[in-house]
Structure formats: structure tokens, C-alpha cells
Amino acid sequence: MTQTIQQQLIHHIKQAVKTLFDGDLPEGQITLQETRKEFEGQLTAVIFPITRFSRKSPEATGEAIGQYLMQHLPEITSFNTIKGFLNISLSDTYWATLFTTHISAEGFGRLPSNGRKLLVEYSSPNTNKPLHLGHIRNNLLGYSVAEILKASGYEVTKANLVNDRGIHICKSMLAWQRWGNGETPEGSGMKGDHLVGKYYVLFDQAYKKEIDALKAAGQSEEEAKKNAPLIRDAQELLRRWEAGDPEVITLWKTMNGWVYQGFEETYQRLGVDFDQYYYESDTYLLGKDLIKEGLDKGVFYRKEDQSVWIDLTADGLDEKLVLRGDGTSVYITQDLGTAQLKYDDFGVDESIYVVGNEQDYHFKVLFLILKKLGKSWADGLFHLSYGMVDLPSGKMKSREGTVVDADDLMDEMEDTARKRTEELGKTEGLAATEKAHLYHIIGMGALKYFLLKVEPKKRLLFDPNESIDFQGHTGPFIQYTHARIKSVLTKGDYGSQSIIELLTVLAPAERDLIQLLGNYPAVIESAAREFSPAQLANYIYDVAKQYNKFYHEESILKAEDGNVRDFRMNLSAATARVIADGMKLLGIEVPERM
RNA sequence: GCGCCAAUAGCUCAGCUGGAUAGAGCAACGGUUUUCUAAACCGUCGGUCUCAGGUUCGAAUCCUGAUUGGCGUACCA
């Protein structure tokens, strides 16, 4: 199939306008959409734009175009015109052929390589506290976007830029030195990231007390924050770290090691992975040569105190500091450097940053600066900005303990999955390990789908008191559909049938399902272009829903005709493949039974 | 103050580059199982698409201006 029916229709409509009305209508102005359920047909051409050529009523114009198309495309069996809409019916043979030659063919849904390289940076955690629900959204988005881009033909590298240095980790280190009594993950049985997070919270509590005491002694809030002994000690620790003090470095390595072990566990459970790790302790000094480059090019300028700036007021932004007066880096200095590093390492055409929308301004500035520095690759940079995950009480704050912990949440999801499954009692005969795996798949499916079905840009509300659903528009609904198909195929001994004849008559639910399945490659393409797993998630739901309708209306194994039976098994198998494949791109597994 | 983003059913969300009477799920109510897994299917109820202008044959969608909410505007990251 070199040309889709959609492309053929558009082509012939253009020809029709030319032949019938002597008009030249650009193909881009012809809109083709799927026919709404309440009308007859599968594809609909909007003919309002054509009336300016035909100088006839929309109905008469549609009628004329319809006649022309009927004569030129044998796939069309009938058409009707309602208002300005030309509804076109294609033959069941066309849909059956589309299915056998295309949808059920090998590699359906994988677009050919486009020869482009792309890097997705996501996760990028701080090493002073465990991951929470907000990080989960980030991780799932990053992973899924990377997988979708792979499926659409990119060569993708997944990167994680770990923020392993700075004042935050020094706070945890200091608190552990003071009050830790040598506590270790092994000794306490606590997961490493949680252990370090515990000391981060301890620091913060003690720090707050000191601030209050200083304020009571007459200092202003600002002064108190600066003068509290704890923060001064933490800063001293940071200075010693930067100076390479062996004692500090050893402690830093130890505690980060604990955190990494904890993160690794969480990542594994979450099902995300990375091809490349970057550590800020390696990269935080980068970017200074770019500053020099910018100064030489006159993009930056130096103030009297030796600090370096860029004036972006002409672009509607502000003046921005890019290097401190003492010559040390700020956040954006490093990011300039790591952008260059990533490009040098991988030579990618595009580079995606999965980072929350609180940093919209930062990335706007970053990309603009790189463009002004004349970096050819700056146009390929994209900030995939996503909304925060909020609780009904407002924003999650790790220091105040109002966070939904990632590990706890996964525990809960798996536990709920177990309860639900046990209630339904369909897992007899499964070994204990198989059951545990199933609960994991279902619990994570519910959680992941819940987070991914929402458009990244939108903020997400999570109510811990309302458990995530397992029915309706959910991950388990889709997983269930897959399991049920597998069950039918097993019972029907799928795979043993001989090559089937082409059907010429389809049930409406079959035809609708085929049409929907046919959209899969276009959905992947669109989800990739817009970096939106949500588009794919919603599509898979539509597929599952449409399959369930078909399943309910038509008998598969007990079909009156053997050929029909085999066709329906093939259709079911293809549906299962699309569901499994699409879910895989979302990072969600589907079970064989549930 | 200035900038960015969002606003669609009681709740959570779809709605592709403007196209028909704005769709799902949850919640509520009713129906479907001697038939391939009822985590399903079918139906009922539920909408001034925040508001006001504008562009258009046609606006939830585009433009302008308000309102509400979130975020940012650091020699923090």
C-alpha cells in the first residue's frame, strides 16, 4: 500500500474541483475526518471550502464531488451529503484488505528509521531525599516519550543528570554527622534514599528552630536564615567538599552511594532505565569556556564586579547573570556546559529536557543564549514542560512531609491490585511468584496510566484519599481487554488455522475496529511529534473499548462460518498486539491472564 | 508590577492543523451472565465549553480584553 485511501481521496477531490469547477484547491485545504457515528459512512470530506469554486449549494457541490469520486475510486460503495459534509462509505472488502495486508502484517506500528538522533534527559533527581509522586510523573513521561520516539524512527539516548552535589546534600551530611550515630541502611534496614532523606528533614527541623530563636532575639527573617549556625556549618561543609577535603568526600561518596542504591531499586520497580548518567559533580564546572566564547563574541558583557551578564531585554526577557563575580558557576552556567557536552558526546539532532513547568523561564533563557552563541544545534533543543502534581491541600513539600512517597505509593497500588484480584478470584492455578508479578503489573498499570493519560502540560491533581480506579478509563481496563483476548486465542488454538480467504462482509463493530487499528501508526507519529504519551494512552483506551464492543456483539469461536472465525481470531490477535505494543511504549506491561 | 501556563458535565479528563447535535470514565439510577473472563457491555441522568467583544459560511479551538487559579521574575538549583 503505497498511498493510503485518505491520500487518494484528497488527491481525487483536488482533481474533481479542477475537472468539475475549473478550480485550484490546495490539498492542504481539504479536510478529511472520520464520519461521526450517527451518520452512514467511514470517512467524511468537508466541502464548504469547495463551494467558492462550484458556486453551488454545499449539498449540490457534495453531490457532484461524490459522483466524481465514485467513478474514480472503486473502493467507494456509496456516499451521502448532509449539509456541507460528504460522507463516504468504503467497501468491506477494502477494510478487510487493509487489515490483512497492513494491520496484521509484521512491524505494524513501527515507523522506519528517520536517521535522526535524539537525546531525552529525564528524572534528574537530587540525592538528598527519596523520590515522590512528582518524580514519578517525570520518570514515566521521560521514559515513555523516549520509547515513542524510538518507535517513530529516532535513534534515542536516555540520559539522567544526577544532581549529586551542592548545599542540599551537605545538609543531609551534616545532620547525619551530628545525630546519625553511624546509622547505615544495612544496620537500620532502611532504604538508602529514605535514610538520607530522614537526615535532610532532621536538618530542616533543627534549622527552623535556630531561625526562630534568632528571630526571637531580634533578627529579621532574612538575617536569621543567613546567620543560623547550622546553615553556616552546611556551607562550610560545601566549601570543604569543593576543596576536596578527603573526610568530606568520603562521607559524600558513602551517602550518595546509599541513595543510588535506593534509587536503583525504585527505578527498577518503576521500569525506567537510562543509557547515560551525568553527574553534576563532574559537570558543575563546565560552561566557563562558553562564557569566554560569549564574551569574545560580544554576546555577554562584564560588569565592574567581574560578574558576567547577558542582556535579553530586546527579546522581552531580563538581564541575566551567567557567571558570578568570583568566577564561580551558577545554574545556567552549568546548563550551558552540559548542553555542549551532550552535543559533543552524541551529536544529536534534537535534545529533550523533561523538566517541570516551574523552570519554563530558565529554559527559555538557556535556549536563547545558546542560539545567540551561534550553536547550530540550539534549534533542536526542547523543554518538555509538565505540570506539577498537586494534592488537594496544595503543593507537595518534602521538607514539610506533605509528599506522596514513590515507594509507598507503589506498595499501595500493588496491595490494592492484590485485593481486587483476590475478590474476583480468577487467578487459581497461578504460582505465588506469578501472582506477585501480576499484582505488580496491574498496580503499576493503574498508576502509570493514571499519570500518563493526562496531557503533560496540564497540572495533575492527586487525592491520596481517593484510590486510583481499576475500572473504566484505566490501565487495568486495557490490561483486562488484553488478557481476555489471550484467553480466547488460547481456547481457539490460535495459530493453527490455515491461510484464510478474504472476507467481503464485515460486521459494523469489526469494521470500526479495523478502522481504529489502522490509525495506530499515525497516532505514534503524532504522539512523537508532540511529545505526548497522553495521545497514545487515550488511543489505546479507544481501541480496547471498541474491541470490547466487538467482543460483546460478535461471537468469535462460535462464529457461524469457519472463515469468519479465523478472521476474527486474527483481528483479535492484531488488537492484542496493538494494545501490548502501545502499552509497552507507555512503559506498561500487559498480562496473559488476570 | 511584568512574563508564562491553565480554565470543558457534581468529580477526573478527551476533543488532532477552526467543521455536523461538544465526547469518555467516575459518581447516581436501570438493564445484560445455562453463550469466548461482568476489571466487561447497553441505557438514563448530567454542559450559558470562566466572562465579554472580534475574525469566519462556521469558534471549545484563532485574536483582543477581563476574571480565577498555578508558576516564574535569585550572584538557589
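So you know, we letter chains A, B, ... as the sequences are listed, proteins then strands, and number each from 1. These figures come from a predicted structure and were not determined experimentally.
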Along nucleotides 71-77 of chain B, 5' to 3', which nucleotides get a B, which get an S, and which get a -, given that the test is a protein heavy-atom distance under 4.0 Å?
SSS-BSB
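C29(B) and U35(B): their P atoms are spaced 28 Å apart (whole Å). When the C1' atom is compared between G10(B) and C57(B), the two are found 37 Å apart, to the nearest whole Å. For the P atoms, the distance from U50(B) to A14(B) is 14 Å, rounded to whole Å. Between the C1' atoms of C51(B) and C11(B), the separation comes to 23 Å (whole Å). Atom C1' of C26(B) sits at a distance of 33 Å from the matching atom of C62(B), rounded to the whole Å. Nucleotides G54(B) and G58(B) have their P atoms positioned 12 Å apart, rounded to a whole Å. Look at the P atom in both A6(B) and U48(B): the space between them is 23 Å, to the nearest Å. Using C1' as the reference atom, U67(B) and C42(B) are 42 Å apart when rounded to the nearest Å.
Two rings, from Y547(A) and F550(A), have their centers less than 6.0 Å apart.
S526(A) comes within 4.0 angstrom of nothing in the nucleic acid, heavy atoms only. Among the protein residues, N519(A) comes within range of no part of the nucleic acid, since none of its heavy atoms lies under 4.0 Å from any strand. Base contact: T421(A) has a heavy atom under 4.0 Å from a base atom. Nucleic acid contact class of E319(A) (heavy atoms, under 4.0 Å, all strands): none. Using a 4.0 Å heavy-atom cutoff across all strands shown, A483(A) reaches at least one base atom of the nucleic acid. Residue-level contact check: T44(A) touches the bases, meaning some heavy atom is under 4.0 Å from a base atom. Here P49(A) lies in heavy-atom contact (under 4.0 Å) with a base. Residue contacts shown for F477(A) are limited to sugar-phosphate atoms, with no base heavy atom under 4.0 Å away. Here R459(A) lies in heavy-atom contact (under 4.0 Å) with sugar-phosphate atoms only.
N548(A) and R484(A) form a side-chain donor-acceptor contact under 3.5 Å, judged by distance and modelled atom types alone. Judged purely by distance below 3.5 Å, without hydrogens or angles, the side chains of T127(A) and N256(A) pair a donor atom with an acceptor atom. Residues E242(A) and Y284(A) have side chains that never bring a donor and an acceptor to within less than 3.5 angstrom of each other. Using modelled atom types, one finds no donor on one side chain facing an acceptor on the other under 3.5 Å when comparing D469(A) with T474(A). Donor-acceptor pairing under 3.5 Å is recorded for the side chains of D318(A) and Y361(A).
When the shell of 6.0 Å around NZ of K292(A) is examined, it contains 12 or fewer heavy atoms from other residues, nucleotides or ligands.
In terms of position along RNA chain B, the nucleotide closest to R529(A) lies nearer the 5' end than the nucleotide closest to the other residue of the pair K37(A) and R529(A). Positionally, the nearest nucleotide of RNA chain B for E34(A) lies more toward the 5' end than for the other of R593(A) and E34(A).
Considering F531(A), Y386(A), F367(A) in turn, F367(A) is the only one that fulfils the ring pair (Phe, Tyr, Trp, His ring centres under 6.0 Å) rule with Y353(A).
Every residue two or more places apart in sequence or in another chain that forms a side chain to side chain contact (heavy atoms under 4.5 Å, CB included) with N87(A) is listed here: T35(A), F39(A), T44(A), N80(A), I82(A), F85(A).
The aromatic ring of F48(A) stacks onto the base of G19(B), its centre lying under 5.5 Å from the centre of the six-membered base ring with the two planes under 30° apart. With centroids closer than 5.5 Å and planes inclined by less than 30 degrees as the test, Y541(A) and the base of A24(B) fail to qualify as a stacked pair.
Near RNA chain B, meaning a heavy atom under 4.0 Å away, the residues from residues 438-456 of chain A are I442(A), V454(A), E455(A).
The shortest distance between the side-chain N/O atoms of R565(A) and the OP1/OP2 oxygens of C36(B) is not below 4.0 Å. Between R484(A) and A38(B) there is a side-chain polar atom (N or O) within less than 4.0 angstrom of OP1 or OP2.
Classification of K225(A) and E221(A) as a salt-bridged pair holds, one side-chain N sitting under 4.0 Å from a carboxylate O.
Put simply, the side chain of N163(A) never gets that close to the backbone of P125(A): no donor and acceptor are under 3.5 Å apart.
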